2 protein chains.
Amino acid sequence: MKRPTLKDLADALDLTESTVSRALNGYADISAKTIERVQSTARELGYKPNQNARRLATGVAEAVAFIIPQNHSSIAEPFVSQMLQGLDESMAQRGWDLLVSHSLAAEDEAQTIHRLITSGRVSGVVLSRPFRHDARIDLLQQSGFPFVVHGRSAKSDSYAWFDIDNEQAFESAAAHLISLGHHRIGFVGAALYFNFAYQRLEGYKRGLHEAGLAYDESLVRVTELSDDAGERAAIDLLNLADPPTAILCVSDTLACGVLAGIRAQGLVAGKHVSVIGYDGLKIGRHTNPPLTTMSQPLAQSGRKLGDMLLAIIDGEDPTKHQVLKRAELVIRNSDGPVWAQQHH
Amino acid sequence: MKRPTLKDLADALDLTESTVSRALNGYADISAKTIERVQSTARELGYKPNQNARRLATGVAEAVAFIIPQNHSSIAEPFVSQMLQGLDESMAQRGWDLLVSHSLAAEDEAQTIHRLITSGRVSGVVLSRPFRHDARIDLLQQSGFPFVVHGRSAKSDSYAWFDIDNEQAFESAAAHLISLGHHRIGFVGAALYFNFAYQRLEGYKRGLHEAGLAYDESLVRVTELSDDAGERAAIDLLNLADPPTAILCVSDTLACGVLAGIRAQGLVAGKHVSVIGYDGLKIGRHTNPPLTTMSQPLAQSGRKLGDMLLAIIDGEDPTKHQVLKRAELVIRNSDGPVWAQQHH
DNA sequence: TGCTATACCGAAACCGCTTTCGAAAGCAAA
DNA sequence: TTTGCTTTCGAAAGCGGTTTCGGTATAGCA
């Protein structure tokens, strides 16, 4: 009835626990014959090592945690699950556990991290949506705990990360819009303590600058990452005396709201005003109109992050694991040449 | 540098490990004064019990697993993350871990379950999207392992579950359509080994029956749960000699595809043909046209499931934990009265 | 045949915490 | 002061593995 223990196995084989243990773990000082014998009866007895015992003995947790970004449930949706999928693949392959964790109401995220790394439950963590100056990263670094981050903070030279070149992405998105004739381009972004939001704004500015266009602060809106916020921002922008003819959004969720805002003003996106989102969510194919967006390889990111983390736990140098990918513009129908009527 | 152990604490306090342990765990045979003393120096030394050791000693894993439904990444997206959010809240409150797990490529889900419950890593699991006849549930039941399921299988009397009344939902959705004058209603469903798909089909049938309408098998399509599949099914349905004037879908993802299919046929949803989805995803507000759908309380489900599981692990009778909620019809713009032209 | 390497396995300590059991100390009642 | 409980702790045995350190056979070699 109860699960067989190492001792049961040893008794059945007429060996000692230590021998059986080493046989199972592939030590060199056990004869091939014995190993075979041990493995086969282990199988037939259905022996599974007790993970807690083994973890206690070895001191390694054989588990990593994914810190769920808090207070951003709407944006987190597609994000989290895709990341998780990849991470899990990576961990499963090694037989490790993946546990998810978000902050308790009473504590901040730094405390969450602290609790996690001092509990001995995990041997590494993956962070996402880092802030520009991120206390969690500082904490992790000075404690020497293995971690990787999806995205990066302002100074990112000394830890492992996987990121998309946000500046490049938004620079090229802006360039695309400019090539369509737009020169008043709005920007709907998120709080700048999110480094991705900051970087994307920088990219946008650079795109304007490259084209010799002036940066006009009145065309940028910083909001929370929800569709409703996007809608409000769009309406706001469109009611300007000299409204933008195109709007760049830092997320697809936001862009959905912007599309709604444009409709609410009686205009049609892709015709009267262009909009470009970011994330490349599949759902963008079904919006009205289908959303042009910058697509990032979310699916693989998780997998890659997991592999990186494992390598770091194995002792590799974190700074050897810094990968920067490019987002790719997928053009659907929410962008187009600047609306001619506008000028009459 | 190293984390303080129980022994360190005991030495510092000039007590034994056992006393300190009991003091920390609120045993009655420790004086209030000692407890206070122990707690305060524990705090100042930053003592955190080693979870693995404690789990080994107590035999309880203090963790539960969420089995990620496999091969349905597209549908799983909003689903998984919302569920996780609630589950995590429930576990965090108790200081337990939540780990996610999906099947390795090489094994089926029953094996995954088996591996999980024999590894000692978790003391309970939550399953989602159960099949009508689900080997995983059978396995779990006969092994006596604590579990809860989101949804339920065909015979669900002897375990704990949280479900939406799918039959009722689709019956009322059908009734709604019928009240709008539709009497040729298509159904785009998923493989019937998914019990939710089966139940929804039954509900659809019952809705027709209640209204005295005959069930016409040529109007139902069984596909995978993706937008593309939905689009194909819709086009297929619309090309029938006597096409449906409304289409019911078992998921919002599918419904998105159906909307696309309708557009592809040069028709407009909500006018020429009505469509109703299921899930209540926020994104449905941004489709073209905004999707009318049956909304389920995904957010709370996770939380509720977690609490149920914890109660069961504590020894409560699983059959006391069976809750059935209702979905609610949220009307947006993809439904409407039957298109008059159709009859001329 | 005798001696030293080598291959294989057993003994035992340890990982850090929990929990039962019994002993000492304290206190009240007698 | 002695008896009889209580209260409060300490001792010790696990929980189920891992790993170092030796100790036998056995084999290799002269």
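Just so you know, these numbers come straight off a predicted model, no measurement behind them. Each chain gets a letter, A, B and so on, in the order the sequences are listed, and its residues count up from 1.
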Sidechain-backbone polar pair: B:D314 side chain, B:A311 backbone, donor-acceptor under 3.5 Å: no
Side-chain donor or acceptor of A:S90 paired with backbone N/O of A:D307 under 3.5 Å: yes
5' priority, DNA chain D, between A:A57 and B:T16 [closest heavy atom]: B:T16
Salt bridge flag under 4.0 Å for residues A:E17 and A:K7: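 No, this pair does not count.
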Roughly how many Å is it from [atom1] in [X] to [atom2] in [N], rounded to a whole number?
X	N	atom1	atom2	result
B:D11	D:dG10	CG	P	12 Å
A:L6	D:dG16	CG	P	11 Å
A:K33	D:dT26	NZ	P	11 Å
B:L56	C:dT19	CG	C1'	13 Å
A:I35	C:dC9	CD1	P	9 Å
A:L13	C:dC9	CG	P	11 Å
B:E17	D:dA13	CD	C1'	13 Å
B:K7	C:dC17	NZ	P	12 Å

Pair B:F147 + B:F145: ring centers closer than 6.0 Å: no
Check if the side chain of [X] and the base of [N] share a donor-acceptor pair of N or O atoms closer than 3.5 Å.
X	N	result
B:S18	D:dA11	yes
A:R22	C:dG10	yes
B:R55	D:dG16	no
B:D29	D:dC9	yes

Shortest side-chain distance from B:I30, nucleotide among C:dT19, D:dC9, D:dG17: D:dC9
Do any side-chain nitrogens or oxygens of [X] fall under 4.0 Å of OP1 or OP2 in [N]?
X	N	answer
B:T19	D:dT8	no
B:Y27	D:dG10	no
A:S31	C:dC9	yes
A:N52	D:dG17	no
A:N50	D:dC15	no
B:S21	C:dT18	yes
A:T34	C:dC8	no

5'-most by nearest nucleotide on DNA chain C - B:R54 or A:L15: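 The residue mapped nearer the 5' terminus is A:L15.
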Considering all heavy atoms, the nearest B:P146-B:S123 contact: CG-O, 3.5 Å
Parallel, tilted or perpendicular: rings of B:F194 and B:F131 (30°, 60°): tilted
